[in-house]
K.L.:
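Right, I'll just put the structure down here and ask away after.
Lettering of chains follows the sequences in order, A, B, ..., and the numbering in each one begins at 1. Side chains included, hydrogens not; waters and symmetry mates left out as well; all remaining heavy atoms used. None of these values were measured; they are calculated from a predicted model.
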Amino acid sequence: MIRMTEPSKITSQSVPDHQPAAGGIAARARASVGPKYLSGLNPEQREAVETLDGPVLVLAGAGTGKTRVLTTRIAHILSQGRARPAEILSVTFTNKAAREMKHRLGQMLGHAVEGMPWLGTFHSIGGRILRFHAELAQLKSNFTVLDVDDQVRLLKQLLQAESIDDKRWPARMLAGLIDGWKNRGLMPSQVPSGEAAMFANGKGGKLYASYQERLKILNAADFGDLLLENIRIFREHPDILRQYQQRFKFILVDEYQDTNVAQYLWLRLLSQAPAKPAAQAVIPGRLEEPNPESGDESTDRDSGFDAAHRPGMTERAAIAAAPAGPTKNICCVGDDDQSIYGWRGAEVDNILRFEHDFPGAKVIRLERNYRSTGHILAAASHLIAHNEGRLGKTLRTEDHDGEKVTVTGSWDSEEEARGIGEEIEQLQRQGEKLNEIAILVRASYQMREFEDRFVTLGLPYRVIGGPRFYERAEIRDALAYLRVINSPADDLAFERIVNTPKRGLGDATVQMLHDHARKRRIPLFEAARAVVETDELKPKARGSLRDLITQFDRWRAQREVTAHTDLAQIVLDESGYTEMWQKDRSADAAGRLENLKELVRSMEEFENLQGFLEHISLVMDREGGAEDDAVSLMTLHSAKGLEFDNVFLPGWEEGLFPSQRTLDEQGRAGLEEERRLGHVGLTRARRRAKIYFATNRRIHGTWSTTIPSRFLDELPAANVEITESKGGSAWGGTGGYGASRFDDMEAFGSSYSTPGWQRAQANRNRGGGRGGGGRGGFEEEASTFSSASSSPDFGSFSSRRRGPLTIEGELVAKSTGTTSEFSLSDRVFHQKFGYGHVTKIDGNKLTIAFDKAGEKKVVDSFVQRA
DNA sequence: GTATTAGACAGGGGA
DNA sequence: TGTCTAATAC
């Protein structure tokens, strides 16, 4: 067997060239004789496609042909006759990825892929399985999938029932906690008691339990349940698990680095070879064992490890330790360097520990990048090499070096936006398509300045991300109507639309219905039906409630004889919902009506109302009017998976990127995740990557002086070019700042741009301190930044890291050693803070008592003698 | 049932 | 400084 992916060989820095190992040549020779779908693959890709048996981890770096490998692998399995389409389980995270795979597979196989019923997102497949066994989860198979809004409203009701102060303990927080527990695969009884007690003075666990009970009554499941209930069913009913284990001959997982504990457990259960009936009785018992109700707090406390990870990890380890039969053919594709969803429950550990979890796993690295030029790739690789917790890959390209990555400093974020605007116009003049230009920001509030600028320039742009189609109010309202028709017990939906459009059924009426429903243990809709027969309501409310019920009865009857798209249109018209928006004269009313039309149109794809509703909450995506040529504006997170010729990366400043909050909350792990985000950003670029940082940025309305991001220091000098801001108007001033603004630019330039930026020493010893603070200026909040960056936790590298211990050719800022030319009590002027006097001097850092702005710390180059 | 105002808060956002 | 939510006033 040829193994060209011996990890130590490929990742070792001692392999200097890009020649494939000897095995690669043999594989290449083989390539010429294989089926034609294999012919365009490189040796590693081909190995990833052809290694069908046993667990396989494909470490696919950015731009290395990941999707191609996945789809080709499926084609290969099918063409080899190893499995039928319905025997392949293929999971992705997003609908978009699932669609993309279906599409590419269709192209490859030359026909539609209707025969791949198990290709989809984790949640859509989990939901599908749950519908088959709904009764085992005390649900009916037409259960509703609740989204976050429904969830929060339900929790609010529970909090009210428990008389818990909604202010101190917001429903959103509880929703977040429950979501976190579910992500970690924890049922109410399994939540460590310490954590359960965190909310509302110990009521957290109880609330989780009663929330679950309420869900069953409402015949509803939230997103977490779609997987968690699967896991429960699999554990409690080994025969059912075995059935799925036998069905899925092959399992493929996309973006494995983004899986959470629940998804890991789910995969783990499905990927084991079917157990013999005799062993069944034993395994489920073993699985439950490690989670006694008492919880293992002592383990949590003793461990210095982030407590949030422990329980899941314990659970995880227990499963892995269970006597698993031989693992089936599971192939996980992912890139640990692109794991950026830790805050959403993703466990990088899942991918880092793959070989441990799936013994005998084969690890294949895809390191040939087909996207970016040499300089861009070198910059990205060099940056990510600073991470310790990684499996290690070295991306390489056969492309030419191209343009160096640029780093540009600006005085403030306005100038940054102006400069980028001008560069984009220049690119446009050079014939670049706007569609091939993207601006990737860390935080969405950064977008505004760009939008303002682009509007002024008349530069077409589009914002990617933002609220999703099905989260819009009008869509959710329309769906609520359909939900009530489909499932009369859906109280949440009923409550949503009972007074939309306005029918004079206000809070008082709804409260009354609630009381009634609770007393008799019936759904709200039935309560309403009963109440209109009494005289408990005022005649007006009673009349309109009766009308509403009559309408619903009529719609339900029509459902039998009318196409579901027509029914939807009828419901929207007859209920007065369409009219409500037609009367609305606000600016977005027309758009909302358009969205409703789009909703009705999209229903055509489904067979009936039931089918539509089952999938809607999982599947609806925002439709893109992507035809026009426009600059794309989005967050780094939503850029994952995309690529552009030209990528602008503004806001590389401490506190913003890396985000201070992530650092505070996640410490070193957070820093590494931020760094991966930087790596993702850079690797989106094909030909040009342009990084920016500003010296001043408005944060919550007040101007703050910021320090350039430490990530800038981590870029390799050989691949980076420092440029002056092309904002240009630092001179001409659109007003306000005058000439001294340029003075500050000069000060900035001398401390950072020219002599300050230099090649690093070839050897930088561990613990020797990074070139941390003291770059640019900072004020009081900034002290937290500098302490973070100089803490050994963040800056140092342990000797066991597998990348280069010392990094050559890094950029470092000028050291902080310079002495200030100012003396105590000197009268000084600062551009943003005005006049003040020096009260303390620490190297080049001055503490200044400003007349108006109070006491702040500032780097001396930012003030001048007054 | 709608208009106004005070207050909180300000990171990434899939299914 | 701006935006969004919730409570309050009409």
K.L.:
Looking at every heavy atom in both A:Ile475 and A:Asn595, which two are closest together, and how far apart are they?
P.N.:
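Residues A:Ile475 and A:Asn595, closest heavy atoms: CD1-O, 3.6 Å.
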K.L.:
Suppose you measure atom P in C:dT5 against the same atom in B:dG12; what distance do you get, rounded to whole Å?
P.N.:
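It comes out at 15 Å once rounded to the nearest Å.
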K.L.:
Looking at B:dG11, does its base get a donor-acceptor pair with the side chain of A:Glu673 below 3.5 Å?
P.N.:
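Check fails, no donor-acceptor contact within cut-off.
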K.L.:
Using a heavy-atom cut-off of under 4.0 Å over every strand shown, decide if A:Phe223 touches base, sugar-phosphate, or nothing.
P.N.:
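Base, at least one base heavy atom under 4.0 Å.
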K.L.:
Starting from C1' on C:dG2, measure out to CD on A:Glu449 and report it in whole angstrom.
P.N.:
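It works out to 13 Å between those atoms.
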K.L.:
So if I take every side-chain heavy atom of A:Thr635 and compare against B:dG11, B:dG1, B:dG12, which nucleotide ends up nearest?
P.N.:
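Shortest atom-to-atom distance from the side chain points to B:dG12.
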K.L.:
Measuring centre to centre across the rings, with the benzene-like ring taken for any Trp, is A:Phe234 within less than 6.0 Å of A:His133?
P.N.:
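A:Phe234 vs A:His133: aromatic centres not under 6.0 Å.
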K.L.:
Assign A:Ser659 to base, sugar-phosphate, or nothing according to its heavy-atom contacts below 4.0 angstrom with the strands shown.
P.N.:
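Base contact - A:Ser659 has a heavy atom under 4.0 Å of at least one base atom.
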K.L.:
Is there a stack between A:Trp343 and B:dG12, judged by ring centres under 5.5 Å and planes under 30°?
P.N.:
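The ring of A:Trp343 is stacked on B:dG12.
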K.L.:
Just call it for A:Tyr445: base, sugar-phosphate, or nothing, with non-hydrogen atoms closer than 4.0 Å on any strand.
P.N.:
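Sugar-phosphate: the residue A:Tyr445, judged by heavy atoms under 4.0 Å, touches backbone atoms but no base.
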K.L.:
Expressed in whole Å, how much space separates the C1' atoms belonging to C:dT3 and B:dG14?
P.N.:
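Between the two C1' atoms, the distance is 25 Å.
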K.L.:
Report which part of the nucleic acid A:Lys156 touches: base, sugar-phosphate, or nothing (heavy-atom distance under 4.0 Å, all strands).
P.N.:
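Sugar-phosphate only.
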K.L.:
Between A:Tyr256 and A:Asn350, is a side-chain hydrogen bond (donor to acceptor under 3.5 Å, both in side chains) present by the stated rule, with each step listed?
P.N.:
CA-CA 8 Å; A:Tyr256 188 64; A:Asn350 284 349; 5.1 Å; no
K.L.:
Return the value, rounded to whole Å, for the distance between atom CG of A:Asp147 and atom P of B:dG14.
P.N.:
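Whole-Å distance recorded here is 12 Å.
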K.L.:
Look at A:Ser444 and B:dG13 and indicate whether a side-chain polar atom (N or O) is within less than 4.0 Å of OP1 or OP2.
P.N.:
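For A:Ser444, the contact criterion (side-chain N or O under 4.0 Å from OP1 or OP2 of B:dG13) is not met.
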K.L.:
Within this structure, what is the NZ-to-C1' distance between A:Lys182 and B:dG14, rounded to whole angstrom?
P.N.:
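One finds 16 Å between C1' of B:dG14 and NZ of A:Lys182, rounded.
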K.L.:
Measuring to OP1 and OP2 of B:dG12, would you say a side-chain N or O of A:Lys640 lies under 4.0 angstrom away?
P.N.:
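Negative; the distance criterion is not met.
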K.L.:
Using only side-chain N and O atoms of A:Arg448, determine if any of them is under 4.0 Å from OP1 or OP2 of C:dT3.
P.N.:
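A:Arg448 to C:dT3 OP1/OP2: side-chain N or O found under 4.0 Å.
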K.L.:
Rounded to whole angstroms, how far apart are OH on A:Tyr341 and C1' on B:dG12?
P.N.:
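My rounded result for the distance is 7 Å.
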K.L.:
Would you say A:Asn95 places a side-chain N or O within less than 4.0 Å of OP1 or OP2 belonging to B:dA15?
P.N.:
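Yes.
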K.L.:
Within 45 degrees of the axis of the six-membered ring of A:Trp118 and under 6.0 Å from its centre: does A:Arg128 put its NZ or CZ there?
P.N.:
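Geometry flag: set, cation within 6.0 Å and 45°.
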K.L.:
May I ask you to say what A:Asn499 touches in the nucleic acid, namely base, sugar-phosphate or nothing, with a heavy-atom cut-off under 4.0 Å?
P.N.:
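Sugar-phosphate: the residue A:Asn499, judged by heavy atoms under 4.0 Å, touches backbone atoms but no base.
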K.L.:
Within the side chain of A:Arg676, is there an N or O that forms a donor-acceptor pair under 3.5 Å with the backbone of A:Gln338?
P.N.:
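Not at all, since once roles are kept as given, no pair shorter than 3.5 Å links the two residues.
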K.L.:
Touch check for A:Gly504, heavy atoms < 4.0 angstrom, all strands: base, sugar-phosphate only, or nothing?
P.N.:
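The residue A:Gly504 makes sugar-phosphate contact but no base contact.
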K.L.:
For A:His700 and B:dA10, are the ring centres under 5.5 Å apart with planes inclined under 30°?
P.N.:
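By the stated criterion, A:His700 and B:dA10 stack.
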